[in-house]
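Below: the structure, in C-alpha coordinates.
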Amino acid sequence: MSAVLKNTLDDYYKTIKGERANYQACYKSFLEYCNQELKLFSLADLSANLTKIDVEQACKYYFETSKRATSIEAIQRFLTAIDQFSSYAKEREIEWRYLKEGCRNKQIVHDICLSLNNELSQKIYLPFDEEEKIKIVKEQIELLNKNNFYQFGQSVIYRLLVTYGFKEKIIINMKIEEFNEKEGQLLVGCDEEQRIYVKLETEIWGDLIKYCGMHKYPDRIYLFTKSNGEQLTPDSIFHTLKKKMKELDIHNFTPTTVALQGVANLIEKGLTLQEIKILTGFETQKIEDVSRYLLTDEEIENVINEKLQKKAESRED
(Lines give C-alpha, C1' and ligand atoms only; values in the text may rest on other atoms or scores of the structure.)
Protein backbone atom coordinates (compact mmCIF):
# COMPACT_ATOMS: atom_id res chain seq x y z
CA MET A 1 0.00 0.00 0.00
CA SER A 2 1.34 3.43 -0.92
CA ALA A 3 2.49 5.67 1.93
CA VAL A 4 -0.08 8.30 0.93
CA LEU A 5 -3.01 5.88 1.04
CA LYS A 6 -1.78 4.38 4.29
CA ASN A 7 -1.50 7.83 5.89
CA THR A 8 -4.96 8.70 4.58
CA LEU A 9 -6.35 5.56 6.15
CA ASP A 10 -4.56 6.25 9.44
CA ASP A 11 -6.03 9.75 9.50
CA TYR A 12 -9.49 8.34 8.79
CA TYR A 13 -9.24 5.88 11.69
CA LYS A 14 -8.84 8.84 14.03
CA THR A 15 -12.17 10.31 12.90
CA ILE A 16 -14.38 7.23 13.30
CA LYS A 17 -16.13 6.18 16.47
CA GLY A 18 -14.98 3.24 18.54
CA GLU A 19 -18.01 1.10 17.69
CA ARG A 20 -16.97 1.18 14.04
CA ALA A 21 -13.58 -0.34 14.76
CA ASN A 22 -14.68 -3.60 13.14
CA TYR A 23 -14.73 -1.71 9.82
CA GLN A 24 -10.93 -1.35 9.91
CA ALA A 25 -10.43 -4.82 8.40
CA CYS A 26 -12.74 -3.76 5.57
CA TYR A 27 -10.75 -0.60 4.83
CA LYS A 28 -7.45 -2.42 4.99
CA SER A 29 -8.66 -5.15 2.62
CA PHE A 30 -10.16 -2.57 0.27
CA LEU A 31 -6.97 -0.53 -0.05
CA GLU A 32 -4.83 -3.66 -0.31
CA TYR A 33 -6.90 -4.73 -3.29
CA CYS A 34 -6.70 -1.28 -4.85
CA ASN A 35 -2.95 -1.18 -4.32
CA GLN A 36 -2.41 -4.62 -5.89
CA GLU A 37 -4.85 -4.42 -8.78
CA LEU A 38 -5.25 -0.72 -9.59
CA LYS A 39 -1.78 0.58 -8.72
CA LEU A 40 -3.18 3.78 -7.22
CA PHE A 41 -1.09 6.13 -5.11
CA SER A 42 -3.47 8.74 -3.76
CA LEU A 43 -7.03 9.21 -2.60
CA ALA A 44 -7.68 11.37 -5.68
CA ASP A 45 -6.45 8.55 -7.95
CA LEU A 46 -8.71 6.13 -6.14
CA SER A 47 -11.77 8.35 -6.49
CA ALA A 48 -11.12 9.11 -10.14
CA ASN A 49 -10.61 5.51 -11.26
CA LEU A 50 -12.65 3.27 -8.97
CA THR A 51 -15.56 1.61 -10.82
CA LYS A 52 -18.46 -0.66 -9.90
CA ILE A 53 -16.52 -3.71 -11.12
CA ASP A 54 -13.60 -2.76 -8.86
CA VAL A 55 -15.87 -2.60 -5.82
CA GLU A 56 -17.33 -6.01 -6.66
CA GLN A 57 -13.86 -7.52 -7.05
CA ALA A 58 -12.61 -5.81 -3.89
CA CYS A 59 -15.55 -7.29 -1.99
CA LYS A 60 -14.76 -10.72 -3.36
CA TYR A 61 -11.11 -10.25 -2.37
CA TYR A 62 -12.23 -9.37 1.17
CA PHE A 63 -14.41 -12.48 1.28
CA GLU A 64 -11.60 -14.74 0.08
CA THR A 65 -8.87 -13.33 2.35
CA SER A 66 -10.75 -12.73 5.60
CA LYS A 67 -11.66 -15.58 7.94
CA ARG A 68 -14.51 -13.48 9.35
CA ALA A 69 -16.10 -12.62 6.01
CA THR A 70 -18.33 -15.66 5.69
CA SER A 71 -21.82 -14.21 5.97
CA ILE A 72 -24.19 -11.67 4.49
CA GLU A 73 -23.50 -9.37 7.44
CA ALA A 74 -19.79 -9.28 6.58
CA ILE A 75 -20.46 -8.38 2.96
CA GLN A 76 -22.96 -5.66 3.90
CA ARG A 77 -20.48 -4.34 6.47
CA PHE A 78 -17.79 -4.14 3.80
CA LEU A 79 -19.98 -2.13 1.41
CA THR A 80 -21.19 0.14 4.20
CA ALA A 81 -17.60 0.76 5.27
CA ILE A 82 -16.57 1.79 1.76
CA ASP A 83 -19.56 4.11 1.48
CA GLN A 84 -18.55 5.79 4.74
CA PHE A 85 -14.97 6.10 3.50
CA SER A 86 -16.28 7.73 0.32
CA SER A 87 -18.15 10.26 2.48
CA TYR A 88 -14.86 11.04 4.21
CA ALA A 89 -13.30 11.67 0.79
CA LYS A 90 -16.23 13.84 -0.28
CA GLU A 91 -15.64 16.10 2.73
CA ARG A 92 -12.24 16.72 1.16
CA GLU A 93 -13.91 17.61 -2.14
CA ILE A 94 -13.03 14.28 -3.71
CA GLU A 95 -16.00 12.32 -5.08
CA TRP A 96 -16.24 8.80 -6.49
CA ARG A 97 -16.58 9.61 -10.19
CA TYR A 98 -18.26 6.33 -11.17
CA LEU A 99 -20.02 5.55 -7.90
CA LYS A 100 -22.25 8.51 -7.18
CA GLU A 101 -25.02 6.15 -5.96
CA GLY A 102 -22.69 4.57 -3.42
CA CYS A 103 -21.48 1.00 -3.06
CA ARG A 104 -24.71 -0.46 -1.71
CA ASN A 105 -26.68 0.41 -4.81
CA LYS A 106 -28.94 -2.02 -6.63
CA GLN A 107 -26.60 -3.27 -9.33
CA ILE A 108 -23.53 -3.74 -7.14
CA VAL A 109 -25.42 -5.69 -4.48
CA HIS A 110 -27.09 -7.80 -7.17
CA ASP A 111 -23.79 -8.71 -8.85
CA ILE A 112 -22.08 -9.53 -5.55
CA CYS A 113 -25.04 -11.72 -4.61
CA LEU A 114 -24.69 -13.67 -7.83
CA SER A 115 -20.95 -14.18 -7.48
CA LEU A 116 -20.87 -15.07 -3.77
CA ASN A 117 -24.25 -16.56 -2.97
CA ASN A 118 -23.14 -20.18 -3.26
CA GLU A 119 -20.18 -19.59 -0.95
CA LEU A 120 -21.69 -17.57 1.89
CA SER A 121 -22.66 -19.38 5.09
CA GLN A 122 -25.88 -17.35 5.11
CA LYS A 123 -27.38 -16.64 1.72
CA ILE A 124 -27.94 -13.12 0.49
CA TYR A 125 -31.63 -12.86 -0.29
CA LEU A 126 -32.02 -11.67 -3.84
CA PRO A 127 -35.40 -10.11 -4.57
CA PHE A 128 -37.55 -12.73 -6.22
CA ASP A 129 -38.88 -10.32 -8.85
CA GLU A 130 -38.43 -11.92 -12.25
CA GLU A 131 -41.82 -12.19 -13.96
CA GLU A 132 -41.11 -15.64 -15.39
CA LYS A 133 -40.15 -17.06 -11.98
CA ILE A 134 -43.23 -15.58 -10.31
CA LYS A 135 -45.34 -17.15 -13.04
CA ILE A 136 -43.75 -20.55 -12.34
CA VAL A 137 -44.38 -20.20 -8.59
CA LYS A 138 -48.05 -19.42 -9.17
CA GLU A 139 -48.34 -22.42 -11.47
CA GLN A 140 -46.83 -24.68 -8.81
CA ILE A 141 -49.16 -23.30 -6.15
CA GLU A 142 -52.10 -24.25 -8.36
CA LEU A 143 -50.72 -27.80 -8.53
CA LEU A 144 -50.66 -28.21 -4.74
CA ASN A 145 -53.11 -30.69 -3.26
CA LYS A 146 -55.96 -28.44 -2.09
CA ASN A 147 -57.42 -31.33 -0.06
CA ASN A 148 -54.25 -31.68 2.00
CA PHE A 149 -54.22 -29.14 4.83
CA TYR A 150 -50.41 -28.90 4.88
CA GLN A 151 -50.03 -28.26 1.15
CA PHE A 152 -53.02 -25.95 1.03
CA GLY A 153 -51.53 -24.08 4.00
CA GLN A 154 -48.43 -23.31 1.96
CA SER A 155 -50.55 -21.55 -0.65
CA VAL A 156 -52.29 -19.50 2.07
CA ILE A 157 -48.95 -18.55 3.64
CA TYR A 158 -47.62 -17.49 0.23
CA ARG A 159 -50.59 -15.14 -0.19
CA LEU A 160 -50.06 -13.69 3.29
CA LEU A 161 -46.36 -13.09 2.73
CA VAL A 162 -46.64 -11.60 -0.75
CA THR A 163 -49.53 -9.35 0.37
CA TYR A 164 -48.37 -8.22 3.81
CA GLY A 165 -44.61 -8.93 3.90
CA PHE A 166 -44.59 -10.74 7.25
CA LYS A 167 -41.20 -11.83 8.52
CA GLU A 168 -41.05 -15.64 8.78
CA LYS A 169 -41.07 -15.65 12.59
CA ILE A 170 -44.47 -13.92 12.53
CA ILE A 171 -45.87 -16.75 10.40
CA ILE A 172 -44.24 -19.43 12.56
CA ASN A 173 -45.58 -17.98 15.83
CA MET A 174 -49.14 -17.15 14.71
CA LYS A 175 -51.58 -18.81 17.10
CA ILE A 176 -54.98 -20.08 16.10
CA GLU A 177 -56.65 -17.79 18.66
CA GLU A 178 -55.17 -14.76 16.86
CA PHE A 179 -57.30 -15.38 13.78
CA ASN A 180 -60.78 -13.88 14.17
CA GLU A 181 -62.85 -15.86 11.66
CA LYS A 182 -65.97 -13.77 12.18
CA GLU A 183 -64.29 -10.40 11.56
CA GLY A 184 -61.63 -11.61 9.12
CA GLN A 185 -58.87 -10.15 11.25
CA LEU A 186 -55.41 -11.41 12.15
CA LEU A 187 -53.38 -10.23 15.14
CA VAL A 188 -49.78 -9.69 13.99
CA GLY A 189 -46.52 -8.07 15.05
CA CYS A 190 -43.12 -8.96 16.48
CA ASP A 191 -43.29 -6.36 19.24
CA GLU A 192 -45.79 -7.26 21.97
CA GLU A 193 -46.43 -3.58 22.65
CA GLN A 194 -47.20 -2.82 19.00
CA ARG A 195 -49.28 -5.79 17.88
CA ILE A 196 -52.12 -4.84 15.56
CA TYR A 197 -55.19 -6.41 13.98
CA VAL A 198 -54.97 -6.60 10.20
CA LYS A 199 -58.20 -6.74 8.19
CA LEU A 200 -57.53 -9.50 5.69
CA GLU A 201 -58.35 -9.39 2.00
CA THR A 202 -61.57 -11.30 1.31
CA GLU A 203 -59.92 -14.13 -0.63
CA ILE A 204 -57.23 -14.71 2.00
CA TRP A 205 -59.88 -14.58 4.72
CA GLY A 206 -61.91 -17.27 2.98
CA ASP A 207 -58.86 -19.46 2.37
CA LEU A 208 -57.88 -19.25 6.04
CA ILE A 209 -61.35 -20.36 7.12
CA LYS A 210 -61.14 -23.26 4.65
CA TYR A 211 -57.66 -24.18 5.91
CA CYS A 212 -58.81 -24.23 9.53
CA GLY A 213 -61.86 -26.29 8.62
CA MET A 214 -59.82 -29.01 6.92
CA HIS A 215 -56.93 -29.03 9.41
CA LYS A 216 -56.16 -32.47 10.79
CA TYR A 217 -55.36 -31.00 14.22
CA PRO A 218 -58.20 -28.58 15.15
CA ASP A 219 -57.02 -28.31 18.78
CA ARG A 220 -53.52 -27.15 17.83
CA ILE A 221 -51.87 -24.07 19.35
CA TYR A 222 -50.43 -22.56 16.19
CA LEU A 223 -52.42 -21.39 13.19
CA PHE A 224 -50.08 -23.01 10.64
CA THR A 225 -48.33 -26.29 11.42
CA LYS A 226 -46.26 -29.06 9.89
CA SER A 227 -48.05 -32.13 8.55
CA ASN A 228 -47.68 -33.76 12.00
CA GLY A 229 -49.33 -30.80 13.76
CA GLU A 230 -46.12 -29.43 15.30
CA GLN A 231 -44.99 -25.81 15.06
CA LEU A 232 -43.50 -24.72 11.74
CA THR A 233 -39.79 -24.05 11.31
CA PRO A 234 -38.24 -21.75 8.65
CA ASP A 235 -37.41 -24.85 6.57
CA SER A 236 -40.93 -26.28 6.76
CA ILE A 237 -42.92 -23.15 5.84
CA PHE A 238 -42.63 -23.90 2.12
CA HIS A 239 -41.35 -27.48 2.25
CA THR A 240 -43.36 -28.79 -0.71
CA LEU A 241 -43.03 -25.62 -2.79
CA LYS A 242 -39.28 -25.31 -2.21
CA LYS A 243 -38.80 -28.90 -3.31
CA LYS A 244 -40.73 -28.21 -6.53
CA MET A 245 -38.79 -24.98 -7.12
CA LYS A 246 -35.48 -26.77 -6.74
CA GLU A 247 -36.54 -29.39 -9.28
CA LEU A 248 -37.30 -26.51 -11.67
CA ASP A 249 -33.83 -24.99 -11.03
CA ILE A 250 -35.19 -22.03 -9.03
CA HIS A 251 -33.00 -21.92 -5.94
CA ASN A 252 -33.86 -18.58 -4.38
CA PHE A 253 -37.41 -19.35 -3.28
CA THR A 254 -37.62 -18.78 0.49
CA PRO A 255 -40.12 -17.22 2.92
CA THR A 256 -37.91 -14.14 3.04
CA THR A 257 -37.73 -13.61 -0.73
CA VAL A 258 -41.52 -13.92 -0.93
CA ALA A 259 -41.94 -11.55 2.03
CA LEU A 260 -39.70 -8.98 0.34
CA GLN A 261 -42.23 -8.91 -2.47
CA GLY A 262 -44.81 -8.12 0.18
CA VAL A 263 -42.65 -5.32 1.56
CA ALA A 264 -42.40 -3.85 -1.94
CA ASN A 265 -46.19 -4.11 -2.21
CA LEU A 266 -46.60 -2.16 1.03
CA ILE A 267 -44.17 0.51 -0.18
CA GLU A 268 -46.16 0.84 -3.41
CA LYS A 269 -49.32 1.29 -1.34
CA GLY A 270 -47.64 4.24 0.36
CA LEU A 271 -47.16 2.85 3.89
CA THR A 272 -44.52 4.65 5.90
CA LEU A 273 -41.29 3.05 7.10
CA GLN A 274 -42.57 2.86 10.68
CA GLU A 275 -45.88 1.32 9.58
CA ILE A 276 -44.07 -1.35 7.57
CA LYS A 277 -41.73 -2.12 10.48
CA ILE A 278 -44.68 -2.67 12.83
CA LEU A 279 -46.60 -4.81 10.34
CA THR A 280 -43.80 -6.95 8.92
CA GLY A 281 -41.17 -7.18 11.65
CA PHE A 282 -38.37 -6.30 9.22
CA GLU A 283 -35.62 -3.95 10.38
CA THR A 284 -35.23 -0.45 8.95
CA GLN A 285 -32.18 -1.22 6.79
CA LYS A 286 -33.86 -4.20 5.12
CA ILE A 287 -36.95 -2.15 4.22
CA GLU A 288 -34.78 0.64 2.84
CA ASP A 289 -32.78 -1.87 0.79
CA VAL A 290 -35.96 -3.36 -0.63
CA SER A 291 -37.39 0.05 -1.48
CA ARG A 292 -34.28 0.87 -3.50
CA TYR A 293 -33.92 -2.62 -4.95
CA LEU A 294 -37.42 -3.66 -5.95
CA LEU A 295 -38.86 -0.28 -6.87
CA THR A 296 -37.59 1.72 -9.81
CA ASP A 297 -36.95 5.43 -9.42
CA GLU A 298 -40.07 6.05 -11.49
CA GLU A 299 -42.21 3.90 -9.18
CA ILE A 300 -40.86 5.65 -6.09
CA GLU A 301 -41.56 9.00 -7.72
CA ASN A 302 -45.13 7.93 -8.51
CA VAL A 303 -45.76 6.85 -4.90
CA ILE A 304 -44.43 10.13 -3.51
CA ASN A 305 -46.38 12.27 -5.97
CA GLU A 306 -49.58 10.30 -5.37
CA LYS A 307 -49.32 10.88 -1.63
CA LEU A 308 -48.50 14.55 -2.14
CA GLN A 309 -51.48 14.92 -4.46
CA LYS A 310 -53.81 13.34 -1.92
CA LYS A 311 -52.58 15.75 0.75
CA ALA A 312 -53.07 18.71 -1.58
CA GLU A 313 -56.63 17.59 -2.39
CA SER A 314 -57.48 17.14 1.29
CA ARG A 315 -56.33 20.71 2.04
CA GLU A 316 -58.52 22.05 -0.77
CA ASP A 317 -61.55 20.25 0.66
Side-chain angles (χ1 to χ4, degrees), residues 72-73 122-128 137 141 149-181 183-212 215 217 220-227 229-242 252-291 293-294:
I72 169 60
E73 287 82 9
Q122 179 182 340
K123 299 290 188 265
I124 296 176
Y125 294 114
L126 287 175
F128 191 72
V137 170
I141 286 175
F149 80 88
Y150 179 55
Q151 290 197 25
F152 182 63
Q154 291 176 63
S155 69
V156 179
I157 291 173
Y158 177 85
R159 287 290 306 284
L160 283 171
L161 291 180
V162 83
T163 303
Y164 303 109
F166 299 138
K167 205 169 185 179
E168 62 184 24
K169 70 178 181 180
I170 291 182
I171 292 291
I172 288 172
N173 292 307
M174 280 181 178
K175 296 183 177 178
I176 191 167
E177 63 192 34
E178 294 168 349
F179 172 46
N180 185 327
E181 288 192 16
E183 301 295 332
Q185 293 181 334
L186 194 61
L187 182 63
V188 301
C190 290
D191 188 339
E192 288 294 330
E193 297 180 357
Q194 290 187 311
R195 303 197 76 195
I196 60 173
Y197 274 103
V198 174
K199 181 69 174 177
L200 298 172
E201 290 187 0
T202 303
E203 188 175 342
I204 298 177
W205 178 8
D207 283 346
L208 257 181
I209 292 176
K210 180 180 177 182
Y211 168 77
C212 289
H215 206 291
Y217 304 92
R220 66 195 182 281
I221 295 175
Y222 296 99
L223 181 56
F224 297 102
T225 72
K226 299 179 185 179
S227 57
E230 295 181 358
Q231 185 180 12
L232 288 173
T233 63
D235 289 336
S236 62
I237 292 176
F238 285 139
H239 178 73
T240 309
L241 282 172
K242 284 171 69 175
N252 197 41
F253 181 80
T254 70
T256 298
T257 53
V258 175
L260 294 184
Q261 285 292 325
V263 171
N265 178 49
L266 298 174
I267 295 169
E268 289 174 331
K269 288 180 180 295
L271 272 70
T272 66
L273 176 64
Q274 186 61 25
E275 290 165 347
I276 295 174
K277 284 179 64 177
I278 292 172
L279 177 61
T280 68
F282 278 108
E283 62 278 9
T284 300
Q285 186 61 60
K286 176 63 73 176
I287 297 169
E288 290 178 347
D289 287 347
V290 170
S291 70
Y293 202 114
L294 291 182

Contact between [X] and [Y] at the side-chain level, heavy atoms closer than 4.5 Å - yes or no?
X	Y	value
Pro255	Leu161	yes
Ile237	Ile157	yes
Met174	Val188	yes
Gln185	Trp205	no
Leu208	Leu223	yes

How long is the straight-line distance from CG of Leu266 back to CG of Leu273, given to the nearest 0.5 Å?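 One finds 11.5 Å between CG of Leu273 and CG of Leu266.
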
Say you draw a straight line from CD of Glu178 to CG of Asn173; how long is it, rounded to the nearest 0.5 Å?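 So the gap between those two atoms works out to 8.5 Å.
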
Under 4.0 Å between a side-chain nitrogen and a carboxylate oxygen: does that hold for Glu230 and Arg220? no

Ignoring hydrogens and angles, tell me if any N or O in the side chain of [X] forms a donor-acceptor pair with the backbone of [Y] under 3.5 Å.
X	Y	answer
Thr272	Glu275	yes
Gln261	Val258	no
Asn265	Thr163	yes
Glu183	Asn180	no
Thr280	Ile276	yes

Only counting residues at least two apart or in another chain, list the ones meeting side chain to side chain donor-acceptor pair (under 3.5 Å) with Thr225.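 Listed in chain order: His215.
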
With sequence neighbours left out, which residue pairs that include part of residues 150-161 fulfil the salt bridge (charged side-chain N to carboxylate O under 4.0 Å, His left out) condition?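 The answer is Arg159-Glu201, Arg159-Glu203.
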
Gln151 and Thr240: side chain donor to acceptor below 3.5 Å: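 Per modelled atom types, Gln151 and Thr240 side chains form no pair under 3.5 Å.
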
Tell me, yes or no, whether the heavy-atom count around Lys199 atom NZ, taken from other residues, nucleotides or ligands under 6.0 Å, exceeds 12.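 Yes.
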
State whether the number of non-hydrogen atoms from other residues, nucleotides or ligands found under 6.0 Å of Ile209 atom CD1 is greater than 12. yes

Ring of Phe152, cation from Lys210 - is the NZ or CZ under 6.0 Å from the centre and inside 45° of the axis? yes

